[in-house]
S.K.: 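This is the structure I want to talk about, given as structure tokens.
Along the sequence shown, the residues carry numbers beginning at 1.
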Amino acid sequence: MTRDWRMDRIGAALRGENPTVLRRLESGFAVIGDVQFLPGYSVLLVDEVNVQRLSDLPRVKRLSFLSDMDRLGEAVERACAQLDPDFRRVNLEILGNTDPFLHAHVWPRFEWEPAELVSKPWDIPSGVAAVDVPFGTPVRRTA
């Protein structure tokens, strides 16, 4: 790999060079978030490099993408529930505010999150630094 896969996440996944890919799905790639703001944070990447929004896909592929988002969400839910007794739920969202390609966020939510964050959609709190964790390292909250 001569180029940084983060600069072309979908192209790198298609070439087999994106190390965050967990599994190829029907409409894209299930990837672990390269930064784990919450343990288990994952993303579904569409498998077409020029697709920016859900409505860019033909209806059949849209439904396939949404189905894959559901599948990834359920897999994250099962894994997090098994690993952390304080797991609450999974939130799924498609935003498109920053990255110019279609992707869906899978945010696991936990009882130990600060109360002021629980009532809102997940966002990186100001002053909180992300931890870049090597792949395969168990990510657990600290007391």
Side-chain angles (χ1 to χ4, degrees), residues 1-126 128-141:
M1 287 190 290
T2 56
R3 36 185 167 177
D4 185 357
W5 59 270
R6 290 175 187 91
M7 302 304 295
D8 180 15
R9 292 173 185 271
I10 296 168
L14 289 166
R15 293 187 303 274
E17 298 173 359
N18 183 331
T20 64
V21 172
L22 298 169
R23 183 176 180 94
R24 178 72 155 100
L25 298 175
E26 188 174 321
S27 67
F29 298 92
V31 302
I32 189 74
D34 46 303
V35 178
Q36 292 287 293
F37 299 107
L38 288 170
Y41 168 65
S42 300
V43 177
L44 174 63
L45 300 175
V46 72
D47 62 2
E48 297 181 32
V49 293
N50 294 320
V51 172
Q52 294 186 9
R53 58 191 67 80
L54 190 60
S55 60
D56 288 344
L57 295 173
R59 181 157 304 278
V60 171
K61 184 118 184 205
R62 278 185 223 174
L63 296 175
S64 177
F65 186 83
L66 293 172
S67 177
D68 284 348
M69 182 173 72
D70 172 62
R71 289 177 62 202
L72 178 56
E74 185 174 352
V76 170
E77 181 176 318
R78 288 181 181 187
C80 289
Q82 183 177 1
L83 294 172
D84 191 329
D86 288 332
F87 171 75
R88 289 182 49 232
R89 65 177 298 124
V90 163
N91 288 344
L92 306 171
E93 61 185 3
I94 299 173
L95 297 173
N97 299 336
T98 305
D99 295 314
F101 51 86
L102 176 61
H103 61 287
H105 299 270
V106 178
W107 296 102
R109 302 303 298 258
F110 301 89
E111 292 294 337
W112 46 259
E113 292 178 60
E116 66 272 11
L117 297 181
V118 172
S119 64
K120 301 175 183 170
W122 177 254
D123 192 13
I124 304 163
S126 61
V128 173
V131 178
D132 196 1
V133 179
F135 294 106
T137 303
V139 179
R140 299 294 295 169
R141 65 185 164 93

S.K.: State, to 0.1 Å, how close Gly40 and Cys80 come at their nearest heavy-atom pair, and which atoms those are.
M.R.: CA-SG, 4.2 Å
S.K.: Please check if the side chain of Arg109 supplies one atom and the backbone of Arg89 the other of a donor-acceptor pair under 3.5 Å.
M.R.: no
S.K.: For Phe110, is the NZ or CZ atom of Arg88 found under 6.0 angstrom from the centre of its six-membered ring and inside 45 degrees of the ring axis?
M.R.: no
S.K.: Is the number of heavy atoms from other residues, nucleotides or ligands within 6.0 Å of CD (Gln82) greater than 12?
M.R.: no
S.K.: Could you tell me whether the side chain of Leu38 reaches within less than 4.5 Å of the side chain of Glu113, counting heavy atoms only?
M.R.: yes
S.K.: Please enumerate all residues that pass salt bridge (Lys or Arg N to Asp or Glu O under 4.0 Å) together with Arg53, with sequence neighbours excluded.
M.R.: Asp56
S.K.: Atom CZ of residue position Arg24 - does it have more than 12 heavy atoms of other residues, nucleotides or ligands inside 6.0 Å?
M.R.: yes
S.K.: Which atom pair, heavy atoms only, marks the closest approach of Leu25 to Asp68?
M.R.: CB-OD2, 3.4 Å
S.K.: Kindly give the heavy-atom pair with the smallest separation between Glu26 and Ser64, and that separation in Å.
M.R.: OE2-OG, 3.2 Å
S.K.: What are the two closest heavy atoms between Gly73 and Val106, and how far apart are they?
M.R.: CA-CG1, 3.9 Å
S.K.: State, with a plain yes or no, whether a side-chain heavy atom of Glu48 is found less than 4.5 Å away from one of Lys61.
M.R.: yes
S.K.: How far does CG of Leu66 sit from CZ of Arg71, to the nearest 0.5 angstrom?
M.R.: 13.5 Å
S.K.: Please report the shortest heavy-atom distance between Met69 and Leu44, naming the atom on each side.
M.R.: N-CD2, 3.4 Å
S.K.: Using 0.5 Å steps for rounding, measure from the CG atom of Asp99 to the CD atom of Gln52.
M.R.: 11.0 Å
S.K.: So with a 6.0 Å cut-off around CZ of Arg15, is the heavy-atom count from everything else above 12?
M.R.: yes
S.K.: Rounded to the nearest 0.5 Å, what separates atom CD1 in Ile94 from atom NE2 in His103?
M.R.: 9.0 Å
S.K.: Do you know the tightest heavy-atom contact between Phe65 and Leu45?
M.R.: CE1-C, 4.2 Å
S.K.: State the CZ-CG distance between Phe29 and Leu14, to the nearest 0.5 angstrom.
M.R.: 4.5 Å
